[in-house]
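Worksheet for the structure shown next.
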Amino acid sequence: MSAVAEQAARRRTFAIISHPDAGKTTLTEKLLLFGGAIQLAGTVKGRKASRHATSDWMALEQQRGISVTTSVMQFPYNGKIVNLLDTPGHEDFSEDTYRTLTAVDSALMVIDAAKGVEARTIKLMEVCRLRDTPIVTFVNKCDREGRPPLELLDEIEKVLGLHCAPITWPLGMGRAFKGVYHLLEDRFYLYSGDKHRVSEIETIAGLRAPGLTERFGEVYKVLLDEIELLQMAGTGFDLDAYRAARLTPVFFGSAINNFGVRELLDGFTEWAPPPQPRNALVPGGARAVQPTEAAFSGFVFKIQANMDPKHRDRVAFLRVCSGVYRKGMLLHSVRLNAPVRIANALTFMASERETIEEAYPGDIIGLHNHGTIAIGDSFSEGEALRFTGIPNFAPELFRRVVLKDPLKAKQLNKGLDQLSEEGATQVYRPLANNDIILGAVGVLQFDVVQYRLKDEYGVDAVFEPVPVHTARWVSCDDARKLKEFIDKNEQRLARDHYGDLVYLASSAVNLSMTQERHPDVRFLDTKEHG
Ligand code: G4P
């Protein structure tokens, strides 16, 4: 096996999807703790501390330095190299959150045992489904009164369309939580409620080991019934079904109490797929780029501006798809058709930001630049390959830009062009008037754009509400029908930064009626870059 193949096979690159407050931050911290990446729980928390405090951009700006470092966390575990990509949540939820999911090979879904499948999780699952990303599930907060586990599994199956294969099963819940039973190991892991305990957990082998009824009473009886039901329903784990994103292995635990996390991490690192081939357009066609290929390639899925005026650069996050990145190497920007020397790419160890020597498929590197890199850019050693599958997502929030000083229109346009190429916002120019409409997935994106327009381009702009509910990219193979559609709907049509046609629906009903009236027109909620 080549060195690249060997290194690629060790990588596990994933992200956590969850609804706010389900426990993503806590679980991240515990994964790092069990991965030996941090000595004491608490490192990730720092970032969260000011989370509720404000949605004030300046305060967020101060956290930027930290959030760059926690954007990607790498640690070794059981002979594997784990890359955990942070998905911005809470008020920093943005299109980056979606795009990050296009850069991973699998995902971990965290569900609050009391709340079940929540709205944000459903949304993030839709993004995972675009690439059939395999999902491992962690049902968190079992130390609190939760919903019956069978009901939770049922909800995952119904709402998310994923078969569930429980790997661990809770012995009681809430105050009666006594631990979990590991179905594959046929072993109980017992819960002590000790937050600081990471090892020396008491275990008992055997579902029907002697003394369990005496010790646990009713909750044990319930568990036996439930396990029997599960076995009858045939919910065994199947690696192929998991890898094909049809089935999710489910673990139960309590992240805050370090409970159930090690079992989760063990299962995850064993089953999660290594870097997968990625599709790319090449001159005259398309091909799958294999991670084991010797030549380096990768794509940019996120760009973060450095808010420090002394270092006004941006960090582009590139996922390595094939080959090896070596410090100082010349990378070929496929979009610019030009070489770009990257002097000091960053790698992201869980504890600190470091300059790296090498990176392999599945790894993420951070490229400093001054605006020469755009979202979706592909890099190679010279081959003209353009990775696909890093789309723009239809925004859910819209604002009209109003310029305070009309003489600044040129700077405004320049700023918006740049910011849309960095993925900070999407820009729409209506066909019927001279408005500029911004689209975003998270509300903070508007704050960022407003701040950066002023700070970097000297443009004072205010953003006003606008009666747009959602956007769809439209296309039609029949030119005559397309023209007819445009003529009829000019008032609701716009062009995006790349000149593509977008329908700005005033409501969900408006969208579905327009779709019905124009069955030959495609309405898409994602669009490939470029
Ligand atoms: P998020 O990143 O998904 O938004 O969730 P986060 O980890 O911040 O957790 C949300 C809240 O749930 C936190 O409480 C956290 O302590 C709590 N939590 C996480 N895991 C568990 C668990 O296994 N059991 C219980 N009982 N609680 C859990 P908070 O009050 O918002 O913050 P804090 O003051 O405790 O830090």
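In this chain, numbering begins with 1 at the start of the sequence shown. Numbering of ligands and ligand atoms starts at 1, following listing order.
Considering V261, I256, D112, D21 only, the shortest heavy-atom separation from atom 21 (C) of ligand 1 involves I256. For atom 18 (N) of ligand 1, the nearest non-hydrogen atom from the set H90, K141, K30 comes from K141.
Note on ligand 1: G89 sits outside its first shell, no heavy atom being nearer than 4.0 Å.
Every N/O-N/O distance between P20 and ligand 1 stays at or above 3.5 Å. Here's the thing with L27: none of its N/O atoms is less than 3.5 angstrom from an N/O atom of ligand 1. At under 3.5 Å, a nitrogen or oxygen of D143, whether backbone or side chain, sits near a nitrogen or oxygen of ligand 1.
In summary, the atoms of ligand 1 found under 4.0 Å from a heavy atom of S254, numbered by their order in the structure, are 22 (C), 23 (O), 24 (N). Ligand-side atoms of ligand 1 in range of K24: 1 (P), 2 (O), 3 (O), 5 (O), 7 (O), range being under 4.0 angstrom from any heavy atom.
Ring geometry for F93 versus Y98: interplanar angle over 60°, hence perpendicular rather than tilted (30 to 60°). Taking the six-membered ring where the residue is Trp, F463 and F446 present perpendicular rings, their angle passing 60° and hence far from 30°.
Outside the 6.0 Å centre-distance limit, the rings of Y189 and Y181 are not counted as a close aromatic pair. If you look at Y191 and F177, their ring centroids are closer than 6.0 Å.
Checking each of R319, Q7, Q74 against D363 for a side chain to side chain donor-acceptor pair (under 3.5 Å) leaves exactly one that passes, namely Q74.
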Problem set entry | R99 and T97: CA distance, side-chain angles, deciding distance, side chain to side chain donor-acceptor pair (under 3.5 Å) verdict | CA-CA 6 Å; R99 267 192 299 259; T97 314; over 6 Å; no
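Proximity of a side-chain donor or acceptor of E157 to a complementary backbone N or O of L152 within less than 3.5 Å is not detected.
Counting heavy atoms under 4.0 Å from ligand 1, residue N140 touches it through the side chain alone. Residue-level proximity to ligand 1 for T25 is carried by backbone and side chain together, each with a heavy atom below 4.0 angstrom.
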